[in-house]
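In what follows, a single structure is set out as structure tokens and then discussed.
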Amino acid sequence: YEQIHNYAEARGDWEAWRVKCWEHLRKVREEQKSKPNDGRAFYRDDAATGHSEEVRILLSEGRSEEAWDEAQTGGCSRDLWLELAKLRETDHHEDALRLYREEIARKLDEVTGDYSEPFRHILKVREILLRTEQGDKFRSYALFLRAEYKRKRNFIKLLDTNRFPA
């Protein structure tokens with residue numbers, strides 16, 4: 001895609017080639033969906049990664065709203081969802097909050113010991129809620145996390161160390 005972009009851009013007809021590239025990408029995606037998985041394929045696109053390639057391309061083109069729509073339609077990888085969350089923090093903070101909260105829950109459910117990654121997302125949630133004058137919602141969320149994950153002693157210690165609401 002990038003090579004075609006560079007070539008077509010130099011010739012001044014990128015938009016026409018962009019349409020062709022997207023048509024091809026959609027056609028390939030449909031063909032992949034219709035093929036049965038015979039077990040020989042090393043990698044097959046599935047619900048976990050969804051439309052990651054399309055989202056990645058749109059983000060590289062600076063089309064974050066289109067990337068969001070594509071991710072909503074077909075899903076994408078977690079790293080791309082988090083990139084979208086970061087892009088949506090200012091103008092669409094509710095979307096960002098939802099994505100960060102989902103990632104926090106997922107990480108806390110699977111992690112034992114190192115809680116640095118979910119904690120970074122908790123700090124993002126706090127930052128967004130404080131910026132949007134919803135600090136009371138963060139207190140409620142922190143209390144919920146304490147109750148929900150009370151069995152994770154190291155996580156609770158992390159909240160205590162950082163003086164999160166008790």
Side-chain angles (χ1 to χ4, degrees), residues 1-3 5-6 18 21-22 25-26 28-29 32-33 41-166:
Y1 189 90
E2 190 175 322
Q3 289 174 340
H5 173 265
N6 293 339
R18 184 177 188 278
C21 287
W22 277 95
L25 193 57
R26 301 255 188 243
V28 168
R29 171 144 335 270
Q32 286 176 340
K33 285 181 183 178
F42 173 72
Y43 172 78
R44 182 175 159 96
D45 200 6
D46 60 16
T49 57
H51 290 199
S52 293
E53 191 60 31
E54 292 92 328
V55 172
R56 195 173 287 108
I57 290 168
L58 290 165
L59 288 173
S60 75
E61 294 178 339
R63 298 172 184 247
S64 60
E65 285 300 317
E66 289 177 54
W68 174 256
D69 292 341
E70 192 71 37
Q72 291 288 313
T73 299
C76 63
S77 64
R78 285 188 191 106
D79 63 317
L80 288 171
W81 277 120
L82 291 173
E83 188 174 341
L84 288 166
K86 184 171 179 49
L87 292 170
R88 296 183 79 75
E89 286 177 12
T90 304
D91 295 332
H92 304 280
H93 63 271
E94 289 299 325
D95 293 336
L97 287 169
R98 180 179 54 82
L99 292 169
Y100 286 135
R101 286 178 178 145
E102 288 173 6
E103 185 66 8
I104 290 165
R106 189 186 69 73
K107 281 294 191 184
L108 288 175
D109 287 340
E110 74 180 25
V111 170
T112 55
D114 180 16
Y115 296 101
S116 57
E117 187 176 349
F119 191 72
R120 279 194 306 275
H121 298 312
I122 292 169
L123 292 175
K124 278 291 194 185
V125 168
R126 182 178 71 173
E127 175 189 319
I128 294 168
L129 289 173
L130 291 175
R131 184 172 28 84
T132 58
E133 299 178 5
Q134 300 178 68
D136 55 324
K137 286 186 179 180
F138 180 73
R139 178 173 169 62
S140 298
Y141 182 60
L143 292 172
F144 163 77
L145 289 173
R146 282 183 175 280
E148 184 72 16
Y149 299 101
K150 64 185 172 195
R151 69 190 185 286
K152 297 191 176 259
R153 293 186 310 262
N154 290 338
F155 174 66
I156 298 301
K157 285 180 191 174
L158 185 60
L159 294 179
D160 290 342
T161 301
N162 288 278
R163 299 182 179 187
F164 278 50

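FYI, the numbering just counts along the sequence from 1.
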* What closest approach, in Å, do Leu129 and Lys137 show between heavy atoms, and which atom pair accounts for it? -> CD1-C, 4.0 Å

* Considering residues at least two apart in sequence or located in another chain, which fulfil the side-chain hydrogen bond (donor to acceptor under 3.5 Å, both in side chains) criterion with Glu83? -> none

* To do: Tell me, please, which residues at least two apart from Arg56 pass salt bridge (Lys or Arg N to Asp or Glu O under 4.0 Å).
  => Glu53

* Out of curiosity, Glu89 CD to Asp95 CG, how far, rounded to the nearest 0.5 Å? -> 11.5 Å

* Show the numbers, then the answer: is there a side chain to side chain contact (heavy atoms under 4.5 Å, CB included) between Ile122 and Phe138? => CA-CA 9 Å; Ile122 292 169; Phe138 180 73; 4.0 Å; yes

* Structure fact -> Those residues at least two apart in sequence (or on a different chain) that pass side-chain contact (heavy atoms from CB on, under 4.5 Å) with Glu133 are none

* **Derivation and outcome, salt bridge (charged side-chain N to carboxylate O under 4.0 Å, His left out), residues Arg98 and Glu102** => CA-CA 6 Å; Arg98 180 179 54 82; Glu102 288 173 6; 3.3 Å; yes

* Minimal non-hydrogen separation, Ser77 against Ser52, with atom names -> N-OG, 2.8 Å

* Asked: Should the pair Asp114-Lys107 be classified as a salt bridge under the 4.0 Å nitrogen-to-oxygen rule?
  -> no

* Mind checking the NZ-CG spacing from Lys124 to Leu82? Nearest 0.5 Å is all I need. => 11.0 Å

* **By side-chain contact (heavy atoms from CB on, under 4.5 Å) - contacts of Leu84 (at least two apart)** => Val55, Leu59, Ala67, Trp68, Ala71, Cys76, Trp81

* Nearest non-hydrogen partners of Leu143 and Pro165, listed with the distance -> CD2-O, 3.9 Å

* Asked: Can Val125 and Leu97 be said to form a side chain to side chain contact (heavy atoms under 4.5 Å, CB included), step by step?
  -> CA-CA 6 Å; Val125 168; Leu97 287 169; 3.9 Å; yes

* To do: State, to 0.1 Å, how close Asn162 and Leu158 come at their nearest heavy-atom pair, and which atoms those are.
  => ND2-O, 2.9 Å

* Asked: In Å, rounded to the nearest 0.5 Å, how long is the span from CG of Leu99 to CD1 of Ile104?
  -> 11.0 Å

* Structure fact -> Value for CZ (Arg146) from CG (Leu159), rounded to nearest 0.5 Å, stands at 5.0 Å

* Are the side chains of Lys157 and Lys152 in touch, meaning some heavy atoms are under 4.5 Å apart? -> no

* To do: Taking ring pair (Phe, Tyr, Trp, His ring centres under 6.0 Å) as the test, write out the residues that go with Phe119, two or more places apart.
  => Phe164

* Asked: Salt bridge check: are Glu127 and Arg120 linked by an N-O gap of less than 4.0 Å?
  -> no

* Structure fact -> NE2 (His93) and CZ (Arg131) are apart, to the nearest 0.5 Å, by 8.0 Å

* Asked: Of all residues at least two apart in sequence or in a different chain, which pass the side-chain contact (heavy atoms from CB on, under 4.5 Å) check with Thr161?
  -> none

* Of all residues at least two apart in sequence or in a different chain, which pass the ring pair (Phe, Tyr, Trp, His ring centres under 6.0 Å) check with Tyr141? -> none

* Measure across Ile128 and Ala96 and return the closest heavy-atom pair with its distance rounded to 0.1 Å. => CD1-CB, 4.1 Å

* Structure fact -> Shortest non-hydrogen pair, Ile57 vs Trp22, comes out as CG2-CZ2, 3.8 Å

* **For Arg106, side-chain hydrogen bond (donor to acceptor under 3.5 Å, both in side chains) partners two or more places apart** => Glu103, Glu110

* Asked: What residues form a side-chain contact (heavy atoms from CB on, under 4.5 Å) with Glu148, not counting sequence neighbours?
  -> Phe144

* Please name all residues satisfying side-chain hydrogen bond (donor to acceptor under 3.5 Å, both in side chains) with Asp136, sequence neighbours left out, ordered by chain then number. => none

* Spatial distance of atom CD (Glu66) from atom CD (Glu54) [nearest 0.5 Å] -> 12.5 Å

* Structure fact -> Gln72 meets the side-chain hydrogen bond (donor to acceptor under 3.5 Å, both in side chains) criterion, sequence neighbours left out, with none

* Asked: Crowded around Gln3 CD? As in, over 12 foreign heavy atoms under 6.0 Å?
  -> no

* Non-neighbouring partners of His92 that pass ring pair (Phe, Tyr, Trp, His ring centres under 6.0 Å), sequence neighbours left out -> none

